[in-house]
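See below for the structure under consideration.
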Amino acid sequence: MKKYIYIALASVGLTFSTSCAESSDGVGASQIDTSTPILNDLDVWLRSSFVTPYNIEVLYKWDINDTDIDRYLHPPLDASVRPVAEALQKAWIEPYTQVGGTNFIKKIAPRQFTLVGSFNYNPNSPTITLGVAEAGTKITLFNIDFLDFTDINSIKQPLKTVQHEYGHILNQNIPFDVAYGQINPADYTAQWFNRTDAEARELGYITAYGSSQEGEDFVEMVSEMLTNSKEDFDAIVESISNEESKAIIRQKEAMVVDYYQTNFDIDIYELQAIMDTATQELVN
């Protein structure tokens, strides 16, 4: 039986080979564009600032297949790209490099940022998606054409999104302690958008979105800490009237501090101070 199977397969292979040899159809011209791209000054700067040192691509020229085809999205204006890229460079990459070491971002980072000029409205809820992380390798930032670099709160918006999504990437490399999600799990809800941030804080979550689930809770703590000075973050916490909820948020803060120190040898308060100074310097 084994010999028969071998012969049958060999016969099929011979027939296939003969058929291919007898075919008169040649291989057509390649449909892949292999021509050298024409780079403008912005492209050259992005390559020298992101691709060469960190192997991170900043994509701003794209077609619909690079984003969600079910949304009305468009590429950003060229003039919007460099200010956002410089914000990432100065208030995210450089602080992590300074505190975590020259190889920190090189080892753990999304390998592509896709910049989108328009808002990303969610059709089934009264919310707007500010950013998306995909498989720890890509972050998409939306509505960059509408950022105001004379307003620090506007500048903080994409930075907060990046800190949030980068928090997820760090968690994918080293998970946070499962005990974090057991602190106050009762009030996690998929209807988080029906809460204000102030209401969520009175329940022990730093933002309304943080009250959606434990993973979002953790990275919202990270993003709030790293886009506010320690003084401003403390003011947010101290504004909570419910003392039990205030204590819960301080407990979560301590777990975030321990996560960074234990797993990455990073003092998050030092990182916080450097990022705050860098963010302040971005205001035109």
Side-chain angles (χ1 to χ4, degrees), residues 49-50 53-56 58 84-113 131 133-139 141 152 155-183 205-207 209-210 214-237 248-282:
S49 300
F50 289 88
Y54 304 107
N55 193 29
I56 297 174
V58 179
V84 172
E86 287 182 337
L88 296 178
Q89 183 184 51
K90 297 180 182 301
W92 172 60
I93 291 178
E94 291 178 4
Y96 264 108
T97 299
Q98 183 175 341
V99 178
T102 56
N103 291 325
F104 193 88
I105 292 293
K106 294 178 182 180
K107 289 181 177 179
I108 306 176
R111 295 305 160 198
Q112 184 184 84
F113 280 89
E134 300 177 38
T137 60
K138 175 181 176 179
I139 292 178
L141 297 176
I152 192 167
I155 295 173
K156 284 183 177 182
Q157 179 241 294
L159 293 174
K160 185 178 187 304
T161 301
V162 170
Q163 299 294 2
H164 176 106
E165 302 299 351
Y166 190 55
H168 281 309
I169 292 172
L170 293 177
N171 292 164
Q172 288 169 7
N173 281 266
I174 302 179
F176 59 86
D177 191 336
V178 294
Y180 185 97
Q182 299 168 359
I183 297 174
Y205 308 101
I206 196 65
T207 64
Y209 190 43
E214 61 191 69
E216 303 302 340
D217 189 359
F218 188 91
V219 297
E220 277 294 277
M221 283 291 297
V222 170
S223 65
E224 285 293 319
M225 291 177 70
L226 294 182
T227 51
N228 288 289
S229 66
K230 189 174 188 309
E231 292 74 19
D232 288 343
F233 181 81
D234 286 344
I236 291 172
V237 178
I248 285 173
I249 289 182
R250 289 301 189 188
Q251 183 181 356
K252 292 177 178 179
E253 177 186 359
M255 293 188 74
V256 169
V257 172
D258 181 70
Y259 173 81
Y260 270 78
Q261 189 67 61
T262 301
N263 296 300
F264 303 112
D265 195 26
I266 286 178
D267 180 345
I268 197 171
Y269 293 122
E270 180 184 359
L271 184 63
Q272 180 182 45
I274 295 170
M275 286 184 171
D276 178 63
T277 299
T279 304
Q280 299 286 343
E281 291 174 352
L282 290 171

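If you read the sequence from its start, that first residue is 1, and numbering goes on from there.
- If you take CG on Leu159 and CG on Leu141, they are separated by 9.0 Å, rounding to the nearest 0.5 Å.
- The CD atom of Gln98 sits 9.0 Å away from the CG atom of Leu271 when rounded to the nearest 0.5 Å.
- The shortest non-hydrogen separation linking Ile169 to Asn173 is O-ND2, 2.9 Å.
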Under the side chain to side chain contact (heavy atoms under 4.5 Å, CB included) rule, what do Glu216 and His164 come out as? Steps first, then yes or no, please.
CA-CA 8 Å; Glu216 303 302 340; His164 176 106; 2.8 Å; yes

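- With Phe113 as reference, Trp92 is the one residue of Phe50, Tyr54, Trp92 to meet the ring-ring contact (aromatic ring centres under 6.0 Å, His included) rule.
- Pairing each heavy atom of Val219 with each of Gly167, the nearest pair is CG1-C, 3.5 Å.
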Step by step, would you call Phe218 with Val256 a side chain to side chain contact (heavy atoms under 4.5 Å, CB included)?
CA-CA 7 Å; Phe218 188 91; Val256 169; 3.9 Å; yes

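- Separation of the Tyr166 and Tyr96 ring centroids falls under the 6.0 Å cut-off.
- Between the CD1 atom of Ile174 and the CD1 atom of Ile108 there is a distance of 6.5 Å, given to the nearest 0.5 Å.
- Checked by atom type and distance alone, the side chain of Lys160 never pairs as donor or acceptor with a backbone atom of Thr227 at under 3.5 Å.
- Between Glu220 atom CD and Thr207 atom OG1 the span is 3.5 Å, to the nearest 0.5 Å.
- For the pair Met221 and Ile249, the minimum side-chain heavy-atom distance is below 4.5 Å.
- For the pair Tyr260 and Val222, the minimum side-chain heavy-atom distance is below 4.5 Å.
- Between Tyr180 and Tyr259, the distance from one ring center to the other does not fall under 6.0 angstrom.
- Listed for the Gln272 side chain is a donor-acceptor partner under 3.5 Å among the backbone atoms of Asn228.
- Summarising the geometry of Ala91 relative to Leu282, their closest heavy-atom pair is CB-CD1, 4.1 Å, with the distance given to 0.1 Å.
- Here the shortest heavy-atom pairing between Pro95 and Ile274 reads CB-CG2, 3.7 Å.
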If you apply the rule side chain to side chain contact (heavy atoms under 4.5 Å, CB included), what do you find for Asp267 with Gln261, and how did you get there?
CA-CA 6 Å; Asp267 180 345; Gln261 189 67 61; 4.0 Å; yes

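- Contact record, Gln89 with Ser49: NE2-CB, 3.5 Å, taken as the closest heavy-atom pair.
- The shortest side-chain heavy-atom distance between Phe176 and Met255 does not fall under the 4.5 Å cut-off.
- Looking only at side-chain heavy atoms (C-beta outward), Gln280 and Ile152 come within less than 4.5 Å of each other.
- Considering CD1 of Ile56 and CD1 of Ile93, their distance stands at 4.5 Å, rounded to 0.5 Å.
- Ion pair Arg250/Asp234 flagged as a salt bridge, since at least one NZ, NE, NH1 or NH2 atom sits closer than 4.0 Å to an Asp/Glu carboxylate oxygen.
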Side chain to side chain contact (heavy atoms under 4.5 Å, CB included) for Ile268 and Met225? Distances and angles first, verdict last.
CA-CA 8 Å; Ile268 197 171; Met225 291 177 70; 3.9 Å; yes

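- With rounding to the nearest 0.5 angstrom, the CE atom of Met275 is 5.0 Å from the CG atom of Leu226.
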